[in-house]
Every structure is written in C-alpha cells, then in structure tokens.
Amino acid sequence: MGNIFSISLSLDPIITRCSDCATGQASYICNLEDNLHALQAEVAGLKELRSDLMSRVRIAEDEQQLKRLNQVEGWLSRAETLINDADQLIVQSPQHVENLCMGGCCSTRPRSGIKFGKQIAKKLQEVKDQKENGDFSDVASKPPLPSATERPSEPTVGLESNFNKVWTSLQKEQVGIICVYGLGGVGKTTLLNQINNKFHDTTHDYHVIWAVASQDRPIERVQDQIAERIGISNEGWKSKSLDEKAEGIFQVLCKKKFALLLDDIWEWFDLTRAGVPLPAKENGSKVIFTTRRFDVCCQMQPSMDNNIRVECLPRGEAFRLFEEKVGSETLRMHPDICKLAEAVVEECAGLPLALITIGRAMASKKTPREWEYATEVLRQSATSMLPGVGKEMYPKLKFSYDCLPDERFRSCFLYCSLYQEDYNIEKDELVDCWIGEGLLDEHTNLSNARNQGHFIIGSLIDACLLEKAEYDDCVKMHDVIRDMALWIAGESEKEKFFVKSGVQLKDQPKAKKWEEVTRMSLMENQIENLTEILECPNLQTLFLGSNDLKVIMDDFFNFMPMLRVLDLSQNIILGELPVGIAKLVSLEHLNLSETGIKSCLSN
C-alpha cells in the first residue's frame with residue numbers, strides 16, 4: 001500500500017498540468033513553436049516593408065519637397081511599435097519553449113505557457129494585418145503653403161520703436177497700406193524682416209507674402225514672387241503676359257486675407273496692374289512697403305499717419321551697434337581707442353549700414369594710430385560729400401573699400417557692380433571673369449587661380465561689401481553698396497564704367513565717349529540687334545547676357561582690341577557669332593552658355 005501511495009503522489013502534478021492543458025486552450029501551447037517561427041518570419045517581412053516605405057518617403061521629402069501623408073506616418077509609427085513589441089516577445093520565447101513537454105502539447109507551467117501563447121498568436125495576427133495595410137500608391141503630397149515663411153535675421157539695435165509703430169498700425173481695421181521709408185542702409189529691410197517673422201511666430205489669419213520690387217521691371221518681378229508664394233507659378237507662368245499674370249494672382253488673392261510685404265520700391269507701384277486687390281476694411285488685407293523716397297509714400301497712400309520714417313540711430317544706440325560689430329575686446333585694447341571709436345561712430349551719423357560696415361572693417365585694428373587714421377579719413381571724406389544719398393552715404397562707406405588689402409581686391413569689388421541690382425552672382429562665373437580680365441595673380445594652374453578668387457569673395461563678404469545669397473554658389477551686392485561702387489568707378493580716372501543693366505533697353509545705347517569706357521554692362525535688357533560699331537579701344541569687359549539678341553553685325557567687335565571678357569550667355573535666339581569676333585585678339589573669357597550657338601571659334 002505504501003508503494004501505491006507514493007506513485008499516486010508523483011503522478012498528481014502531471015495529471016494537474018495535463019488537466020490545465022486540456023481546458024480548451026491547449027492550442028496556444030501546442031502551436032507555440034509554429035507561431036513563433038511564423039512571427040519571426042512576418043516581423044522580418046514587416047521590417048523590409050517599413051524600410052522600403054521609408055526610402056520612398058525620404059525621396060519624396062528630400063528630392064521632391066513633398067510632405068508625407070498622415071496615413072503613411074501613422075502606418076510607420078504603428079509598424080515601429082509592433083516590431084518592438086514582437087522583438088521583445090521573441091526574446092522572451094526561449095524560457096517558454098523550454099517549459100514544453102509531452103511533445104510540445106503541454107507545459108510544465110501551463111498557465112504561463114497559455115498566456116504567452118495567446119500573446120504570440122495575437123501579435124502574429126497584428127503583424128499580418130499591418131503588412132496587408134502597408135500597400136500605398138502615394139506616400140506624400142504637396143504640403144499646404146504656410147501662412148508665413150520665416151526669413152533669416154540678426155539681432156537688431158534701435159528698431160524697437162519703429163517695429164511697434166508698424167505692428168500697432170497693422171492691428172487697425174482702417175489701415176490698409178503702410179509705408180516704411182528712410183535713407184538707404186538705415187534698416188528698412190531689417191524692420192520688414194522683423195514684421196515678417198512676427199507673423200511667423202504668432203497666430204493670425206493672414207497669408208503673408210514677401211516680395212522685392214527693385215528698380216527694373218518692378219511689377220513683373222513682384223508678380224513672379226507672389227505667384228511662387230501662392231503656388232500658381234507653373235511651367236507656363238513665365239510665358240504669360242503681365243495682364244494674364246495679374247488675373248491669375250487676383251483670382252487667388254481676392255479669396256484670401258493677405259499681408260503683402262513689399263521691399264524696396266522706387267516709384268509708385270500699381271497694385272491693381274500687378275493683380276493685387278487693394279487693401280480695404282472689407283477684405284482686411286494689408287500692404288507694407290519700404291522705399292527710400294517720401295514722395296512714393298504719398299503716392300501710394302496719402303495718410304501721413306501711416307508713413308513711418310526709419311531714422312538713423314541716436315548716439316547711444318549707434319555706439320552699441322558699432323560695438324557689437326567691432327567687438328568690445330578691440331575697444332578695450334587701449335584707453336584711447338574707445339574715445340576714437342566714439343569719433344568714428346559720430347562720423348557714421350547713426351547710419352546702421354555704415355556702422356556695421358566700418359565696425360567690421362575696424363575689428364582688427366588694435367592700436368590708437370590705426371583708429372586716429374580712420375577718424376581722419378572719415379572726416380576728410382565728409383568735406384566732399386555728394387548731394388542726396390551720396391552726400392550722406394558714399395564717403396563714409398568708401399572707407400571699407402579703402403581698407404581692402406590692395407588694388408586687386410578693390411578692382412574685384414568694383415567689378416561686381418557690373419551685375420544688375422539684387423542679382424545672384426554665380427561665384428564661379430565671377431571668378432572666371434576676374435581671371436579673364438587679369439585681376440588675379442598669375443598662377444601655374446587654373447585651380448589655384450580660382451581658389452584665390454574664392455578667397456577674395458570670402459574677404460569681400462567679411463567686409464560686408466558682398467552678401468551671401470539664398471543659394472550657396474552665389475553672392476549678392478547690397479544695392480547701396482553697389483551704388484557706392486558705381487560712384488567710386490565714376491570718380492576714378494583709371495576705370496570708367498558704362499552700366500545699363502536691367503533697365504529695359506530695347507536698342508543699342510549711345511554715348512559720346514566710348515573711348516574712355518573700360519567696362520560695359522548691358523545685361524538683363526531686351527536688346528535684339530547690335531548694328532552700330534562701338535569704338536572702344538580701352539574696353540576690357542562687355543556683358544551682353546540675358547538679352548534678346550538675334551543679330552550682331554560682323555564689324556561690331558572691330559574696334560575693341562583690348563576686350564578680354566565677353567558674356568553673351570542666355571541669348572537663346574542668338575544662333576551664330578559674327579565673323580568679326582576673330583578681331584578680339586585679347587579675348588580670354590567667352591561665355592556662350594544658354595545660347596543657340598552650337599560651336600565657336602577654336603584656338
């Protein structure tokens with residue numbers, strides 16, 4: 001009897017476990033190993049599907065500038081969660097597999113085994129369902145236009161009061177057009193930038209549009225920028241007439257509450273002709289524009305209350321801005337430097353552009369003698385001021401030009417003024433022109449010469465005489481700095497420029513003293529024919545790019561023996577070169593890109 005009892009005791013736990021396995025949920029244990037293998041395979045497939053989908057999303061976002069669909073984002077998020085959960089279960093599985101007995105149909109820990117088996121079976125089905133839902137024909141779409149696009153900006157000094165005036169005026173229902181005016185370089189564009197970024201950082205119902213007018217073809221330029229901002233600039237846009245563009249813009253803007261931020265207008269700007277609905281209390285729209293001319297403000301809207309003048313900085317704020325650019329460490333180098341710096345700031349007359357430009361030029365000057373020289377030069381220039389803008393601006397800004405390392409840097413800087421206002425100057429093309437003109441050192445190879453050219457560009461940017469453009473391979477020249485450069489070239493006995501770029505010329509210009517001209521720019525016009533000989537014995541550079549050239553007479557180049565740089569680019573209709581081009585015996589650089597010319601003269 002004792003033996004029978006002991007056998008009965010040893011069999012009782014097994015009978016209990018088998019009883020648990022036979023309660024109708026044994027399939028979770030019996031199928032555990034098969035389900036585990038299936039889950040591993042399905043998860044691997046889900047990972048591959050997720051990876052492929054992410055590749056499509058990255059291409060759409062990075063290369064096509066699209067925004068991933070919400071359903072795709074949701075699927076990827078759920079897939080990530082499922083994969084993590086499944087991987088954790090797979091990691092836990094060995095201990096449950098070890099507990100299996102009786103050929104895998106029972107477990108030494110049945111309750112735990114059944115629970116785990118249920119989790120595996122459920123996760124397996126979830127992964128299968130997720131894979132079935134992962135077939136997307138489209139993964140991204142064009143994103144909705146933001147109400148405002150943030151623009152690059154730096155901390156400002158002394159603009160707080162003007163900013164508050166503009167922003168307060170914007171809140172008034174009866175105010176539709178606001179004019180911000182003042183001297184070139186006084187901070188009008190910077191102020192408009194702040195207004196734009198305030199829109200970006202606050203909640204509102206405006207569709208904010210930034211556009212730069214400039215002097216040449218202001219309406220067309222603004223139309224193109226508005227079209228780009230409101231999403232109607234397609235492949236056929238450029239071929240449309242001004243009136244057709246205006247109609248397209250009006251059809252969109254008349255349904256929106258917009259704020260048009262219009263920078264740098266030089267004359268009365270016809271909003272209606274551009275397609276911009278006139279701001280009114282009924283539509284709630286606003287136009288804020290900047291200009292250097294008070295008469296433009298009055299022409300655009302007569303209310304004096306909405307004309308906000310940006311004044312030059314008072315002495316304290318002017319010195320604070322100058323100190324930011326020159327560096328407090330430089331001012332502490334010697335007790336006399338700070339006093340001399342005050343004299344330099346006084347000569348800048350509170351003009352921010354002058355303070356910034358001269359401040360950076362003086363940042364490396366560490367001795368009182370250098371500062372005494374700077375003060376004296378600025379005072380001497382002030383005695384020969386020009387009327388108008390030049391009287392207040394150019395002699396002071398010229399000091400940064402005078403502080404360039406040598407004549408090579410100065411010539412390269414002046415060369416940039418040949419390009420149209422607000423033009424994105426391609427760095428490589430600019431350097432090639434410098435090389436062609438012989439402005440750089442002689443080098444054993446072209447690569448070294450180009451490196452020197454890019455070094456000079458960097459130095460001009462550091463001196464605030466050139467600016468970084470929106471594209472990394474381009475630079476720009478501030479319009480006031482460009483005006484100063486042309487003024488310098490006009491005063492020079494060595495170099496005479498003839499610059500009529502982007503002024504809508506249709507015919508070849510006429511001048512009395514072509515023989516004095518050393519550089520000529522007629523780029524970005526509408527000239528079709530060059531049929532008159534120009535006797536330019538000293539001409540070294542001629543820019544004719546971006547015109548509508550059809551015919552260049554054979555003898556046109558006959559009297560340009562010194563010409564070294566010739567740009568005919570972006571004249572698509574121009575199909576051949578005149579035979580007289582062979583007379584250009586000094587030619588070093590010829591740009592025929594984007595023309596109809598398939599071949600040119602060989603060496």
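The structure presented is a predicted model; accordingly, all values stated were derived computationally and were not measured.
Here the side chains of F269 and V287 are not in contact, with every heavy-atom distance at 4.5 Å or above. Looking at M477 and S417, their side chains come closer than 4.5 Å, going by heavy atoms from C-beta outward. Residues L414 and F497 are in side-chain contact: their nearest non-hydrogen atoms beyond the backbone lie under 4.5 Å apart. At a threshold of 4.5 Å between non-hydrogen side-chain atoms, the residues T149 and V208 do not count as touching. Looking at heavy atoms from C-beta onward, L278 lies out of side-chain contact with I177 at the 4.5 angstrom threshold. Proximity of F498 to L522: side-chain heavy atoms (C-beta onward) are separated by under 4.5 Å at one or more points. Taking the side chain as every heavy atom from C-beta outward, V565 and F543 approach each other to under 4.5 Å. Counting only heavy atoms from C-beta outward, the side chains of F409 and L465 never approach each other to under 4.5 Å.
Side-chain contact, D263 with W210: no donor N or O sits under 3.5 Å from an acceptor N or O. For the residue pair N306/S169, the side-chain donor-acceptor check at 3.5 Å is not satisfied. Checked by atom type, the side-chain pair D264/W266 shows a donor-acceptor distance below 3.5 Å. Side-chain contact of Q301 with N307: a donor-acceptor pair under 3.5 Å is present, judged by distance alone. Looking only at atom types and distance, the side chain of E495 has no donor-acceptor partner in the side chain of T518 under 3.5 Å away. Looking at D567 and S569, their side chains do bring a donor and an acceptor atom within 3.5 Å of each other. Between the side chains of Y415 and T541, at least one donor N or O lies within less than 3.5 Å of an accepting N or O.
For the pair D422 and R482, the salt-bridge criterion is not met [side-chain N within less than 4.0 Å of a carboxylate O]. Between R410 and D402 no salt bridge is recorded (no basic side-chain N to carboxylate O distance below 4.0 Å).
A donor-acceptor pair is defined here as one N or O able to donate and one able to accept, closer than 3.5 Å; such a pair exists between the side chain of K188 and the backbone of G182. Between the side chain of R450 and the backbone N or O of I435, no donor-acceptor pair lies under 3.5 Å. Remark: side-chain polar atoms of N283 are not paired, donor with acceptor, to backbone N or O of P279 under 3.5 angstrom. Remark: side-chain polar atoms of W371 are paired, donor with acceptor, to backbone N or O of K365 under 3.5 angstrom. Side-chain atoms of D473 never come within 3.5 Å of backbone atoms of K427 as a donor-acceptor pair (strictly under, hydrogens ignored). Side-chain atoms of N547 come within 3.5 Å of backbone N or O of Q526 as a donor-acceptor pair. Using modelled atom types, one side-chain atom of R408 and one backbone atom of L439 make a donor-acceptor pair closer than 3.5 Å. Looking at Q225, its side chain does come within 3.5 Å of a backbone N or O of R221 through a donor-acceptor pair. Using modelled atom types, one side-chain atom of Q223 and one backbone atom of L242 make a donor-acceptor pair closer than 3.5 Å. The backbone N or O of D224 lies less than 3.5 Å from no partner atom in the side chain of K245, so there is not a single donor-acceptor pair.
In terms of heavy-atom proximity, C179 sits nearest to F289 at CB-CZ, 3.4 Å. Nearest approach of V517 to R519, heavy atoms of both residues: CG1-O, 3.3 Å. Nearest heavy-atom pair across F319 and C338 is CZ-SG, 4.0 Å. Closest approach of N571 to S546, counting heavy atoms only: ND2-N, 3.9 Å. Between Y206 and G284 the shortest heavy-atom distance is CE2-O, 3.2 Å. Taking every heavy atom of both residues into account, G275 and I249 meet most closely at O-CG2, 3.5 Å.
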Working for side chain to side chain contact (heavy atoms under 4.5 Å, CB included), residues L271 and L260: CA-CA 10 Å; L271 294 170; L260 174 61; 4.3 Å; yes

Candidate pair W487 and K398, rule side chain to side chain contact (heavy atoms under 4.5 Å, CB included), full reasoning: CA-CA 10 Å; W487 170 73; K398 185 178 179 291; 3.8 Å; yes

Evaluation steps, side chain to side chain contact (heavy atoms under 4.5 Å, CB included), between V186 and L351: CA-CA 5 Å; V186 80; L351 188 65; 4.2 Å; yes

Criterion ring-ring contact (aromatic ring centres under 6.0 Å, His included) on F199 and W167, from CA distance to verdict: CA-CA 10 Å; F199 274 119; W167 195 253; 5.1 Å; yes

Verdict with supporting geometry, E426 and D428, side chain to side chain contact (heavy atoms under 4.5 Å, CB included): CA-CA 6 Å; E426 289 186 21; D428 289 341; 5.7 Å; no

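K165 NZ to L170 CG: the interatomic distance, rounded to the nearest 0.5 Å, is 14.5 Å. Within the model, atoms CH2 of W434 and NE2 of H454 stand 9.0 Å from one another, a figure rounded to the nearest 0.5 Å. How far CG of D548 is from NZ of K506: 8.5 Å, rounded to the nearest 0.5 Å. Considering CG of L505 and CE of M523, their distance stands at 13.0 Å, rounded to 0.5 Å. Atom OG1 of T190 and atom CD of Q194 lie 7.5 Å apart (nearest 0.5 Å). To the nearest 0.5 Å, the span separating CG on L313 from CG on L355 amounts to 6.5 Å.
A 6.0 Å sphere centred on NZ of K366 holds more than 12 heavy atoms belonging to other residues, nucleotides or ligands. More than 12 heavy-atom neighbours from other residues, nucleotides or ligands sit within 6.0 angstrom of NZ on K496. For CZ of R320, the number of neighbouring non-hydrogen atoms (other residues, nucleotides, ligands) closer than 6.0 Å is greater than 12. Within 6.0 Å of CD in E73 there are more than 12 heavy atoms belonging to other residues, nucleotides or ligands. When the shell of 6.0 Å around CD of Q174 is examined, it contains more than 12 heavy atoms from other residues, nucleotides or ligands. By the 6.0 Å contact criterion, NZ on K339 is open, its count of non-hydrogen atoms from other residues, nucleotides or ligands being 12 or less. More than 12 heavy atoms of other residues, nucleotides or ligands shown are found within 6.0 angstrom of CD on Q171. Surrounding CG of N234 are more than 12 heavy atoms belonging to other residues, nucleotides or ligands, all under 6.0 Å away.
Between Y423 and Y419, the ring planes are parallel. Angles under 30° get that label, and only those over 60° would be called perpendicular.
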